[in-house]
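Reminder, nothing fancy here: chain letters follow the sequence lines and each chain counts from 1.
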Protein chains: 2
Amino acid sequence: MPASTKSTAVPASGRLEQSVLTEDASFLLARANALALAAGNEALAEHGLKVRSYAVLALAVEETRPSQRELAEFLRLDPSQVVSLVDDLQRRGLVAREPDPTDRRANVVVATEAGRALHERAREAAQSAQRRLHAALSAAQSEQLAELLRLLAFPG
Amino acid sequence: MPASTKSTAVPASGRLEQSVLTEDASFLLARANALALAAGNEALAEHGLKVRSYAVLALAVEETRPSQRELAEFLRLDPSQVVSLVDDLQRRGLVAREPDPTDRRANVVVATEAGRALHERAREAAQSAQRRLHAALSAAQSEQLAELLRLLAFPG
DNA sequence: TATTGTTATACTCTATAACTATA
DNA sequence: TATAGTTATAGAGTATAACAATA
C-alpha cells in the first residue's frame, strides 16, 4: 500500500479525529455518553439491570423516598417510562410502591431488602466499569470532570 | 404545609440533588447529554437538521472525505443508520456520495455547495445553543471540560 | 475470506395524548 | 383547575442478520 494513502501518523480508523467536531463539547458529550452507556449496561447485565433501572434502584435505596414524579424529573425520563421501570423492579421484588401519606395521588418508591442487596453488588460492578472507562484520566481529572458535568447537568 | 416536609433549603423540585448519583460521572454524563441533545435538536430544527444529521453534514464539509464506514465508527452509529442519514441529506441536495477511486466498495460522503451553506448557518445556531448551555461555566471551564471529555471519548 | 454498503426487521427508547383519582 | 400516576400508541433511535459487490 502506497505511503500517500497513510500520510499521517494517525491510524486509519482515527482519520476523522482531526475533525473540528472534536472541539465540539456536545459531540464529545454524546460520544463519551455512548461509551459510558454501553460499558454500564454491559457491567450491569449480570445483575439483570441496565443503567436506567440501576439509577431508579439507587434512588429507591436512599432516605429521600422519591415519588415517581421526582424520579422522572431527576432522571429526565417521561413519567410513563418511570411507570414501566418501577413495574419491572417491583415485579422482581426489588422495590415497593408506598402511599405518600401527605398526598394520596403520589407513590413513594422504596427498595426492599432484596433490592438493597442487589444494589450493593450492582454498584460495585458499575464502579469497576467506570474505573476502566476513566483509565485515561487521573483521579483528580475524574473528580474535576464530575464537577464540570455537574454544572452542566444541574444549572441553577 | 408543615416545615418538616421541607426541612432543607433545597427547592422541592431539587430534593434528589443530594443523591449519591450526583457523584456518579456516568449519570452526570447521561443527564448533561440529554440536556445538550434537546438543546441542540431544538436549535437545529429551524434548519431542518438534528444533532445526528448535523454531525454527518459537518464531517462531509471537511477535507477528510470520509467513507460511510468511517462516519459510522466516528459517530458510533450502526452502518445502516448512516445509510438513512446520508439518504436523507442526499435527497435534500446537501451531500453527495462519490465513489472512492481506491476502493470501489466504498462511498465517500461530500457536501454540496448548498450543504456547505446550510452547515455554516446551522453551525452558528448550534454554537449559540451551546453557549446558553454552558452559561454556568467560564470559558476556561468549557475548554477544560472539552479536554477531559476528549480523553473519555477517544481513549488510545 | 473479509469488508462496504444496503435492506429488512425487531427491539428499545422517547414523546404524546387521554384517562382516573386526587389536590 | 392542576397534578400524580397510568395506559395506549406512535415515533425515533438502536441492533442484528442477510445479501451483493468488491477487496
Side-chain angles (χ1 to χ4, degrees), chain A residues 1-2 5 12-13 15 30-31 33-42 44-45 48-56 65-91 95-109, chain B residues 1 5 12-13 15 30-31 33-38 40-42 44-45 48-56 65-91 95-109:
Chain A
M1 184 181 290
T5 45
S13 61
R15 273 184 60 228
R31 197 178 205 271
N33 181 56
L35 294 170
L37 196 65
N41 280 335
E42 190 185 13
L44 291 167
L49 294 172
K50 296 190 177 186
V51 165
R52 281 286 152 68
S53 44
Y54 170 74
V56 171
R65 300 179 62 82
S67 69
Q68 295 188 192
R69 182 93 205 328
E70 289 174 314
L71 291 174
E73 270 183 29
F74 190 66
L75 299 173
R76 284 200 58 90
L77 300 173
D78 194 85
S80 62
Q81 297 176 257
V82 175
V83 169
S84 62
L85 283 167
V86 173
D87 277 354
D88 175 58
L89 292 173
Q90 188 173 39
R91 237 178 279 121
V95 305
R97 280 182 243 240
E98 294 184 2
D100 181 341
T102 74
D103 185 342
R104 288 196 299 175
R105 293 172 302 181
N107 295 330
V108 153
V109 180
Chain B
M1 183 179 291
T5 45
S13 61
R15 274 183 62 229
R31 197 176 205 272
N33 182 56
L35 294 170
L37 196 65
N41 280 334
E42 189 185 12
L44 291 167
L49 294 172
K50 296 189 175 183
V51 165
R52 280 287 152 68
S53 44
Y54 170 74
V56 171
R65 301 179 62 81
S67 70
Q68 295 188 191
R69 185 95 207 335
E70 288 174 315
L71 291 174
E73 271 183 29
F74 190 66
L75 301 173
R76 284 200 58 90
L77 301 174
D78 194 86
S80 62
Q81 297 176 257
V82 175
V83 169
S84 63
L85 283 166
V86 172
D87 278 354
D88 175 59
L89 292 172
Q90 188 174 40
R91 237 178 277 120
V95 306
R97 279 183 242 241
E98 295 184 3
D100 181 341
T102 74
D103 185 342
R104 287 195 300 176
R105 292 172 305 181
N107 294 330
V108 152
V109 180

Quiz item: Rounded to whole angstrom units, what separation is found between the CG atom of B:Leu77 and the C1' atom of C:dG5?
Solution: 15 Å
Exercise. Quickly work out the A:Leu85 CG to C:dC13 P distance and round it to whole Å.
Key: 8 Å
Quiz item: Among C:dG5, C:dT7, C:dT14, which is the nearest nucleotide to the side chain of A:Arg52?
Solution: C:dT14
Practice problem: Indicate yes or no: at least one non-hydrogen side-chain atom of A:Leu75 is less than 4.5 angstrom from one of A:Val56. | Solution: yes
Practice problem: Taking all heavy atoms of A:Ser80 and all of A:Asp78, pick out the closest pair and write down the distance. | Solution: OG-OD2, 2.7 Å
Exercise. Please state how far atom CD in B:Glu70 lies from atom P in C:dT4, giving the value in whole angstrom units.
Key: 9 Å
Practice problem: Please state whether the phosphate of C:dT12, meaning OP1 or OP2, lies under 4.0 angstrom from any side-chain nitrogen or oxygen of A:Asn41. | Solution: no
Quiz item: Looking across every strand, which nucleic acid part, if any, lies under 4.0 Å from A:Asp103 by heavy atom: base, sugar-phosphate, or nothing?
Solution: sugar-phosphate
Quiz item: Does CD belonging to B:Glu42 count more than 12 external heavy atoms closer than 6.0 Å?
Solution: no
Quiz item: Base, sugar-phosphate, or nothing: which does A:Arg97 touch, judged by heavy atoms less than 4.0 Å apart?
Solution: sugar-phosphate
Quiz item: Is any side-chain nitrogen or oxygen of A:Lys50 closer than 4.0 Å to OP1 or OP2 of C:dC13?
Solution: yes
Self-check item: Donor-acceptor pair (no angle test) under 3.5 Å: A:Arg104 side chain, C:dT22 base
Solution: no
Quiz item: Rounded to the nearest 0.5 Å, how far does CZ of A:Arg15 lie from OG of B:Ser67?
Solution: 7.5 Å
Quiz item: Are A:Val109 and A:Leu89 side-chain neighbours, meaning at least one heavy-atom pair lies under 4.5 Å?
Solution: no
Self-check item: Set of residues satisfying side chain to side chain contact (heavy atoms under 4.5 Å, CB included) with respect to B:Leu37, sequence neighbours excluded
Solution: B:Asn41, B:Val51
Exercise. May I ask you to evaluate whether B:Arg105 reaches the phosphate of C:dG5, defined as a side-chain N or O under 4.0 Å from OP1 or OP2?
Key: no
Quiz item: Taking the side chain of A:Gln81 as heavy atoms from C-beta outward, which of C:dG5, C:dC13, C:dT16 is closest to it?
Solution: C:dC13
Quiz item: So what does A:Asp78 touch, heavy atoms closer than 4.0 Å: a base, only the sugar-phosphate, or nothing?
Solution: base
Quiz prompt | Start and end of chain B contact along DNA chain D [non-hydrogen atoms, under 4.0 Å] | solution = D:dA12 to D:dA23
Quiz prompt | Atom pair distance, as rounded to whole Å: CG in A:Asn107 and P in C:dT22 | solution = 11 Å
Practice problem: Any chance you could measure B:Phe74, atom CZ, to A:Arg31, atom CZ, to the nearest 0.5 Å? | Solution: 6.5 Å
Quiz item: Between C:dT7, C:dT12, C:dA21, which nucleotide has the shortest distance from any of its atoms to the side chain of B:Ser80?
Solution: C:dT7
Quiz item: Whole-Å distance between C:dT14 P and A:Arg76 CZ?
Solution: 11 Å
